[in-house]
Enquirer: 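Here it is, the structure in full.
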Amino acid sequence: MTETTDIIKALKWWNADRFKSLQRKLTTAKSTIQKEALSAHFRPFLSNEEIQTLQEASHILGAVKGKIEHAKEIKAREEKARNLRLAGYKRQRQALLAEAFPKPETAEDARPILVWILALTLHHERISRGYFYERKYIASDIERTFDRKNVTTVLASAVSWWREITEFLEENMWHYDEAPDPSRIDVIKSHFDKSWRDEVSSNSGTEPLLERFDTEMAIAQSESVHRL
C-alpha cells in the first residue's frame, strides 16, 4: 500500500483496534456475498449483471480488506513502539522520584514526609492546578494514626503520604510523552529548602497539623519508654 499524504494523515486518526474491527466487518460482508447472495439457491433471483456486480463487490471487499489489514499492522507496530517508549519514560520518572524521595522505612521518616506533603498543599499549584491531597485528609490521617484504638501506624501514614507526593509529582511534573528532565526535581527541592519548609511551620493552615503530629509523637514515645 503506497503511503500517500492522505493515507498517512488517516493513519493518525485510527488505531489498530479500529482497523481490526473494520477488517472483521469487511470479511463478514465479503463472506455474506459469496456464501449467501451468490449461493446456488439464491442465484435464480439475480440477473447476470447483478451476479457480475456482486462478484466485483466481493473482489473489491477482499482487496480493501487487504489494505485495511496492512494498515492495522502498521498501527500495531507504531502503538507497540509508542507504548514501550511511554513505559520507559514512566520508569525513568519513577526512578528519579524514588531516588529523590526514598520510601519511608521507619516511624522516624514520617515527619520529613509530613512536612513535604504539607508544603505541597501550599504550593502544588506551582506544579499543577490539578487535584492534590487536601489538608483535611492529612488531619484525619494524624487522628487515626494516634488513635489508641486504631491499628494504623505512623509508618503506614508516612508511606501513604509518600505515595501521594510521588504519584502527584510523577503525573504532573513532566509530560507523560517526554523523557523526564531531572533538573525539575532539583528546582522543587530548592524551593522546599529555601522557603517551603519554613512556611509549613508558620502557616496558619499547616502549623497546627505539624504541632499536633509532634505532640502525639512525643506522647507515643513517652508511653513507649514508660512501658519499658
Enquirer: Are the side chain of T121 and the backbone N or O of L118 linked by a donor-acceptor pair below 3.5 Å?
Expert: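 Checking the backbone N and O of L118 against the side chain of T121, a donor-acceptor pair under 3.5 Å is found.
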Enquirer: Would you check if there is a donor-acceptor pair between the side chains of E199 and H123 at a distance under 3.5 Å?
Expert: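 H123 vs E199: donor-acceptor pair found between side chains.
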Enquirer: What heavy-atom pair brings L86 and Y176 nearest, and what distance separates the two atoms?
Expert: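 Where L86 meets Y176 most closely, the heavy atoms are CD2-O, 3.5 Å.
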Enquirer: Can you tell me if S58 uses its side chain to pair, donor with acceptor, with the backbone of L54 under 3.5 Å?
Expert: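 The answer is no, because no donor-acceptor pair under 3.5 Å joins these two groups.
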Enquirer: For the hydrophobic clusters of this structure (ILVMFWY residues joined by side-chain heavy atoms under 4.5 Å, transitively), does one cluster hold both F146 and I219?
Expert: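 No, separate clusters.
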Enquirer: With a 3.5 Å distance limit and no angle check, can you tell me whether T27 reaches the backbone of Q23 through a side-chain donor-acceptor pair?
Expert: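 Between the backbone of Q23 and the side chain of T27 there is a qualifying donor-acceptor contact (under 3.5 Å).
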Enquirer: Any chain of hydrophobic side-chain contacts (each under 4.5 Å) joining F132 to V115?
Expert: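 Yes, same cluster.
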Enquirer: Side chain of H124, backbone of L120: donor and acceptor closer than 3.5 Å?
Expert: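 It does hold such a pair.
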Enquirer: Judged by atom type as modelled, is there a donor-acceptor pair below 3.5 Å linking the side chain of S160 to the main-chain atoms of A156?
Expert: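 No, S160 side chain to A156 backbone: no donor-acceptor pair under 3.5 Å.
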Enquirer: Does F192 offer a backbone N or O that forms a donor-acceptor pair with the side chain of R197 under 3.5 Å?
Expert: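 No; judged by distance alone, with no hydrogens or angles, the pair does not exist.
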Enquirer: Do L155 and P104 have side chains that approach each other closer than 4.5 Å (heavy atoms only, starting at C-beta)?
Expert: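 Result yes, sub-4.5 Å side-chain heavy-atom pair found.
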Enquirer: Throw together a table of side-chain donor-acceptor distances under 3.5 angstrom for residues 204-217, partners on residues two or more places apart or in other chains.
Expert:
from : atom 1 : to   : atom 2 : distance (Å)
T206 : OG1    : V200 : O      : 2.9
R212 : NE     : E216 : OE2    : 3.0
R212 : NH1    : E143 : OE1    : 3.1
R212 : NH2    : E143 : OE1    : 3.3
R212 : NH2    : E216 : OE2    : 3.3
D214 : OD1    : R111 : NE     : 2.8
D214 : OD2    : R111 : NE     : 3.4
D214 : OD2    : R111 : NH2    : 2.9
T215 : OG1    : E211 : O      : 2.9

Enquirer: Regarding E178 and R184, does a basic nitrogen lie under 4.0 Å from an acidic carboxylate oxygen?
Expert: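 Counted as a salt bridge, because a side-chain N and a carboxylate O are separated by less than 4.0 Å.
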Enquirer: Evaluate the side-chain proximity of I51 to L38: yes if any heavy-atom separation is below 4.5 Å, no if none is.
Expert: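 A side-chain contact under 4.5 Å exists here.
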Enquirer: Is the ring centre of F101 less than 6.0 Å from the ring centre of W162?
Expert: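 Not under 6.0 Å, so no.
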Enquirer: Does E170 form a salt bridge (Lys or Arg N to Asp or Glu O under 4.0 Å) with K90? I'd like the steps, not just the answer.
Expert: CA-CA 8 Å; E170 194 266 316; K90 185 176 182 68; 3.3 Å; yes
Enquirer: Hey, mind stepping through W174 and D181 against side-chain hydrogen bond (donor to acceptor under 3.5 Å, both in side chains) and telling me if it holds?
Expert: CA-CA 8 Å; W174 301 282; D181 178 1; 5.9 Å; no
Enquirer: Any chance you could measure L26, atom CG, to E69, atom CD, to the nearest 0.5 Å?
Expert: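 Nearest 0.5 Å value for the CG-CD distance: 11.0 Å.
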Enquirer: Do L61 and L46 share a hydrophobic cluster, counting only Ile, Leu, Val, Met, Phe, Trp and Tyr and linking them when any side-chain heavy atoms are less than 4.5 Å apart?
Expert: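 As far as the 4.5 Å side-chain criterion goes, L46 and L61 are connected within one cluster.
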Enquirer: Please name the pair of heavy atoms, one in I113 and one in A158, separated by the smallest distance, quoted to 0.1 Å.
Expert: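 Distance-wise, the nearest heavy atoms are CG2-O, 3.6 Å.
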Enquirer: Does L122 reach the side chain of R135, with side-chain heavy atoms less than 4.5 Å apart?
Expert: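 Yes, their side chains come closer than 4.5 Å.
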Enquirer: Say whether L169 and Y131 are linked into one hydrophobic cluster, either directly or through other cluster members, by side-chain heavy-atom distances under 4.5 angstrom.
Expert: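 Yes, L169 connects to Y131 through the hydrophobic network.
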Enquirer: Under 3.5 Å, is there a donor-acceptor pair between the side chain of S21 and the main chain of D17?
Expert: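 Not at all, since once roles are kept as given, no pair shorter than 3.5 Å links the two residues.
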Enquirer: Identify the residue among R82, K75, K80 that makes a side chain to side chain donor-acceptor pair (under 3.5 Å) with E78.
Expert: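 For E78, the side chain to side chain donor-acceptor pair (under 3.5 Å) test succeeds with only one of R82, K75, K80, which is K75.
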Enquirer: Please check this pair: side chain of Q34 against backbone of S31, looking for a donor-acceptor N/O pair closer than 3.5 Å.
Expert: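 Absent.
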Enquirer: Indicate whether the side chain of Y133 and that of D141 have a donor and an acceptor atom separated by less than 3.5 Å.
Expert: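 There is such a pair between these side chains.
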Enquirer: Are Y89 and I127 joined in one hydrophobic group, where the rule is that I, L, V, M, F, W and Y side chains link up if heavy atoms are under 4.5 Å apart?
Expert: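 Shared cluster, no.
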Enquirer: Using side-chain heavy atoms (C-beta onward) and a distance below 4.5 Å, is K189 in contact with W116?
Expert: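 Yes, at least one pair of side-chain atoms sits under 4.5 Å.
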Enquirer: Can you establish whether the number of heavy atoms outside E125 located under 6.0 Å from its atom CD is more than 12?
Expert: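 Above 12, so yes.
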